[in-house]
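Written out below as structure tokens is the structure these notes cover.
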2 protein chains.
Amino acid sequence: MTAATPGRPLRADAARNRAKVLEAAGAVFAERGPSASTEEVARRAGVGAGTVFRHFPTKEALLEAVLVALLEDHAREARARIEHDDPGAAFFGFFTRVVERAATKNALSGALADAGIDPRQATGEAGAALKRALGTLLERAQAAGAVRADVTLAEVLALLAGMSHAAGHGGDGRALEIVFDGLRPR
Amino acid sequence: MTAATPGRPLRADAARNRAKVLEAAGAVFAERGPSASTEEVARRAGVGAGTVFRHFPTKEALLEAVLVALLEDHAREARARIEHDDPGAAFFGFFTRVVERAATKNALSGALADAGIDPRQATGEAGAALKRALGTLLERAQAAGAVRADVTLAEVLALLAGMSHAAGHGGDGRALEIVFDGLRPR
DNA sequence: AATGATTCGGAGTGTTCGCTCCGATTCTAG
DNA sequence: CTAGAATCGGAGCGAACACTCCGAATCATT
């Protein structure tokens, strides 16, 4: 429940502040990690602590909202690649892109899991949309012969989640290439 | 500094309590995550809070000690496999084993990183020993033709770290197989 | 422009948790 | 067995932090 149902259309300044808080939260959590205090988010957004909690009733809700925004961004990019790139390049390019931008996302879902919340359920529609887009990317790449036909979406998701966490561990660029070799037909 | 230098040999009950605390910490952090309180560790170990802090002067030191114990355990197993299994089976078997047992390790190093501590530096010798053992495993597997010759230890470490985090994401069993396919010669 | 409703800000609250302190307890040397 | 030292236990301290409350400020409507 991340304030999904706008009972009333939200006042102008309220909407502006909500956006500022969300953006500040994204930046702060990316820099200082999800354990950064809500007060720091409020300071960065230029609002009071009360304002943060009115829009996001709990810290977990704020983490969720940031994570959802990230997933929506990814899904948007996946759909763009479906239209513009060729099947193989679209799939591998998107995979690489998600891995590159994964640092924040991992920390967020880790923090949610730590609080006893299932990230997959929390992200709801946003996660499902990203999954659908990735599924399309995969199907097209398989149809074009760029990816083995016996690979399932669940396996790709596992690999994506895994390699996202491998970033920053040294030889992660070539490590991705090794995974891609495993995904390609022999 | 995880009480590495025994200035004096440590009294009998002190050594016993230290071991109890370390074991309890391993269990508690595995179950409740690294954010579990030290008091819970003390309770589980059947000692007072003061005792925990005498042996591990800070909570981070306790997390470090648990992580080091895990790494030492892995290194021990790697050396055992070097002696008993054939090169290919030793390498892939050890890789699989580490991934299976990775849940706790990941949470621990995550928590350390969150506290501004570099896990690689903190684990010191234990991490280096594990790295050496894995290096031997890799060389032997490559010499036997079970693993591509152009793969480096750094890349294997990145893949290992990554796939450790992929556990529990659904199709992680077959996902590992895909990575292994990428590691094998064509 | 004025009024009523909504939102803002930040001081304040209650709680959690890491860590300390010291009297009581347990161990070891002679 | 006994004295002296090392260790233990857990109540208590202080800081950090998520969250609340309410007077002041801002917005929408007539």
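Here is how names work: the chains are called A, B, and so on, in the same order as the sequence lines, proteins then strands, and each is numbered from 1.
B:Asp85 places no side-chain N or O within donor-acceptor distance of the main-chain N or O of B:Arg81, the cut-off being under 3.5 Å. Side chain of A:Gln142 to main chain of A:Val151: a donor-acceptor pair is present (N/O by atom type, distance under 3.5 Å, no hydrogens or angles). A donor-acceptor pair under 3.5 Å links the side-chain atoms of B:Ser37 to the main chain of B:Glu40, judged by distance alone. Side chain of A:Asn17 to backbone of A:Thr51: no donor-acceptor contact under 3.5 angstrom is found.
In this structure, A:Phe56 places its CZ atom 11 Å from P of C:dC8, rounding to the nearest Å. The interatomic distance linking A:Phe53 (CZ) with C:dT7 (P) rounds to 18 Å, in whole Å.
Listed nucleotides: D:dT7, D:dC19, D:dA11. Nearest to the side chain of B:Leu10: D:dT7. When distances run from any side-chain atom of B:Ala14 to the nucleotides D:dC8, C:dT20, C:dC8, the shortest one goes to D:dC8.
Checking the phosphate oxygens (OP1, OP2) of C:dG18, no side-chain nitrogen or oxygen of B:Thr58 falls inside 4.0 Å. Within the structure, a side-chain polar atom (N or O) of A:Asn17 is placed less than 4.0 Å from OP1 or OP2 of C:dC8. Between A:His55 and the phosphate of C:dT7, there is no side-chain N or O to OP1/OP2 separation shorter than 4.0 Å.
Residues passing the ring-ring contact (aromatic ring centres under 6.0 Å, His included) test with A:Phe29, sequence neighbours excluded: none. Residues satisfying the side chain to side chain contact (heavy atoms under 4.5 Å, CB included) criterion with B:Leu160, sequence neighbours excluded, are B:Phe95, B:Val98, B:Val99, B:Leu134.
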- Message: Return a single string for nucleotides 22-30 of chain C, one symbol per nucleotide in 5' to 3' order, where B is base contact, S is sugar-phosphate-only contact and - is none, cutoff 4.0 angstrom on heavy atoms.
- Response: ----BSS--
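Residue pairs that meet the salt bridge (Lys or Arg N to Asp or Glu O under 4.0 Å) test with at least one member in residues 124-140 of chain A, sequence neighbours left out, are A:Glu125-A:Arg132.
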Residues 176-186 of chain B, side-chain donor-acceptor partners within the protein, below 3.5 Å, at least two apart:
from, atom 1, to, atom 2, distance (Å)
B:Glu177, OE1, B:Arg184, NH2, 3.4
B:Asp181, OD1, B:Arg184, NH2, 3.3
B:Asp181, OD2, A:Arg148, NH1, 2.8
B:Arg186, NH2, A:Asp181, O, 3.1

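Contacts between residues 27-47 of chain B and DNA chain D, counted as heavy-atom distances below 4.0 Å, involve B:Gly46, B:Val47.
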